[in-house]
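Just so we're clear, the structure is a prediction, and the values are computed from it rather than from any experiment.
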Amino acid sequence: MALATTIHHGWPSFARAQQVAGAEAGGGEEFETDRDAFTPATNTVAPRENLLESSYSFIDNRFGPESHSVPELLVRHGLTERFELRAGWNYEVGGGGTVSGGEVGGEDFVAEQESRVLYGGKYQLSDQSGWTPRSSLIVQGYTPTSGPSNASTITLGEAWGWEFANGWRWDSAFRFGTGFDEGDYLNQWAPSTVLRIPFGERWNAHAEYFGIMSSHAASDFSHHFASFGGHFLVTPNIELGMRFGFGLNEQSARYFNNVGIGWRF
């Protein structure tokens, strides 16, 4: 299957449809949130544009109390064609764990109430050209603003992917992050891969695998999930989305739900 980001057999790719819609609205070329899936978008925000993302996650933990995470706020500001600044805030209550890609490396793993700020940047490393994927590097730090811990953590990750001639997108990511568990730092590893399928110019569905594993924890864990969801473009600058999933092994949560919004301005 040939790779392309242009019209193929009269069917415009989803990215192209977004580019046209964005241009008509006076916005940037492509509108794609990081919160739409666990795997982040491979692009960055256009220069002088802002993208606000927010969501709510519910996790039915297999062991311990259920988790609630809100508002999972992330504000992205484009500084150049390839670099964006990122800042946000989140509050969690209940059991530990996360299903939000933006929170990997930020959470503690005991039942608690905790909030934290995040800060960092994202740099687009490459554009798609043949079999060379579009890719981006993300660096984020987390600092608690309330809760039992005052330890800051950091996450380093890369996302890459291809758009095919029929508009389907296959994106993957790998993150490394530090965490905090029972008073000790630990390492986290989070691989993920997602297939995104467009339905017309406004609808998009996806199927995804993601995992979160640890090393050097008091009790190491390995969480694996299958996730399904999609989003709808209300306007060229407003996206509504939801996803749900379930754990694939005994250490993982039974299931989770996530709903959210993205607003470009």
Worked verdict on Glu53 versus Asp34 for side chain to side chain contact (heavy atoms under 4.5 Å, CB included) | CA-CA 8 Å; Glu53 307 179 18; Asp34 278 357; 3.6 Å; yes
Do Thr39 and Asp171 meet the criterion of a side-chain donor-acceptor pair at a distance under 3.5 Å?
-> no
Stepwise side chain to side chain contact (heavy atoms under 4.5 Å, CB included) test for Tyr142 and Val117 | CA-CA 6 Å; Tyr142 305 84; Val117 293; over 6 Å; no
Do the ring planes of Tyr123 and Phe83 sit parallel (below 30°), tilted (30 to 60°) or perpendicular (above 60°)?
-> tilted
Measure up the Phe228 and Phe244 rings against each other and bin them: parallel (under 30°), tilted (30 to 60°), perpendicular (over 60°).
-> tilted
For the student: nearest non-hydrogen atoms of Arg86 and Gln140, plus distance = NE-OE1, 2.8 Å
Go through the side-chain N and O atoms of Ser55 and Glu72 and say whether any donor and acceptor fall under 3.5 Å apart.
-> yes
Please walk me through it: do Arg35 and Glu239 pass salt bridge (Lys or Arg N to Asp or Glu O under 4.0 Å)?
-> CA-CA 10 Å; Arg35 61 139 303 276; Glu239 170 199 284; 3.1 Å; yes
Roughly how far apart are Tyr255 OH and Asp60 CG, rounded to 0.5 Å?
-> 4.5 Å
Sidechain-backbone polar pair: Arg196 side chain, Ala205 backbone, donor-acceptor under 3.5 Å = no
Thr143 backbone acceptor or donor facing Arg116 side chain under 3.5 Å = no
Determine yes or no for a side-chain-to-main-chain donor-acceptor pair under 3.5 angstrom, with Asn166 supplying the side chain and Trp168 the backbone.
-> yes
For Gln188 against Ile212, the heavy-atom pair lying closest together = OE1-CG2, 3.7 Å
Take the angle between the ring planes of Phe58 and His68 and call it parallel below 30°, perpendicular above 60°, tilted in between.
-> tilted
Regarding Asn258 and Ser100, is there a side-chain donor-to-acceptor distance under 3.5 Å anywhere?
-> no
When you check the side-chain N and O atoms of Tyr91 and Gln113, is any donor under 3.5 Å from an acceptor?
-> yes
Does a donor on one side chain and an acceptor on the other come within less than 3.5 Å for Ser126 and Ser135?
-> yes
Trp170, CH2 atom: more than 12 neighbouring heavy atoms under 6.0 Å | no
Could you tell me whether the side chains of Thr42 and Trp160 share a donor-acceptor contact shorter than 3.5 Å?
-> no
Would you please test Arg243 and Phe256 for side chain to side chain contact (heavy atoms under 4.5 Å, CB included) and show each step?
-> CA-CA 8 Å; Arg243 59 192 181 97; Phe256 71 86; 3.6 Å; yes
Could you tell me whether the side chains of Ser69 and Ser57 share a donor-acceptor contact shorter than 3.5 Å?
-> no
Minimal heavy-atom distance between Gly262 and Phe31, with the atoms involved, is O-CZ, 3.6 Å
Side-chain donor or acceptor of Glu84 paired with backbone N/O of Arg76 under 3.5 Å = no
Is there a donor-acceptor contact under 3.5 Å from the side chain of Lys122 to the main chain of Asn43?
-> yes
So, Asn249 and His224: side-chain donor and acceptor under 3.5 Å apart, yes or no?
-> no
Which of these passes salt bridge (Lys or Arg N to Asp or Glu O under 4.0 Å) with Arg134: Glu158, Glu163, Glu32?
-> Glu32
Between the side chain of Ser115 and the main-chain N/O of Ser146, is any donor-acceptor distance below 3.5 Å?
-> yes
Taking the six-membered ring for Trp, are the ring centroids of Trp162 and Phe164 within less than 6.0 Å of each other?
-> no
Where do Met213 and His223 land on the side chain to side chain contact (heavy atoms under 4.5 Å, CB included) test, with the steps shown first?
-> CA-CA 6 Å; Met213 289 79 78; His223 300 160; over 6 Å; no
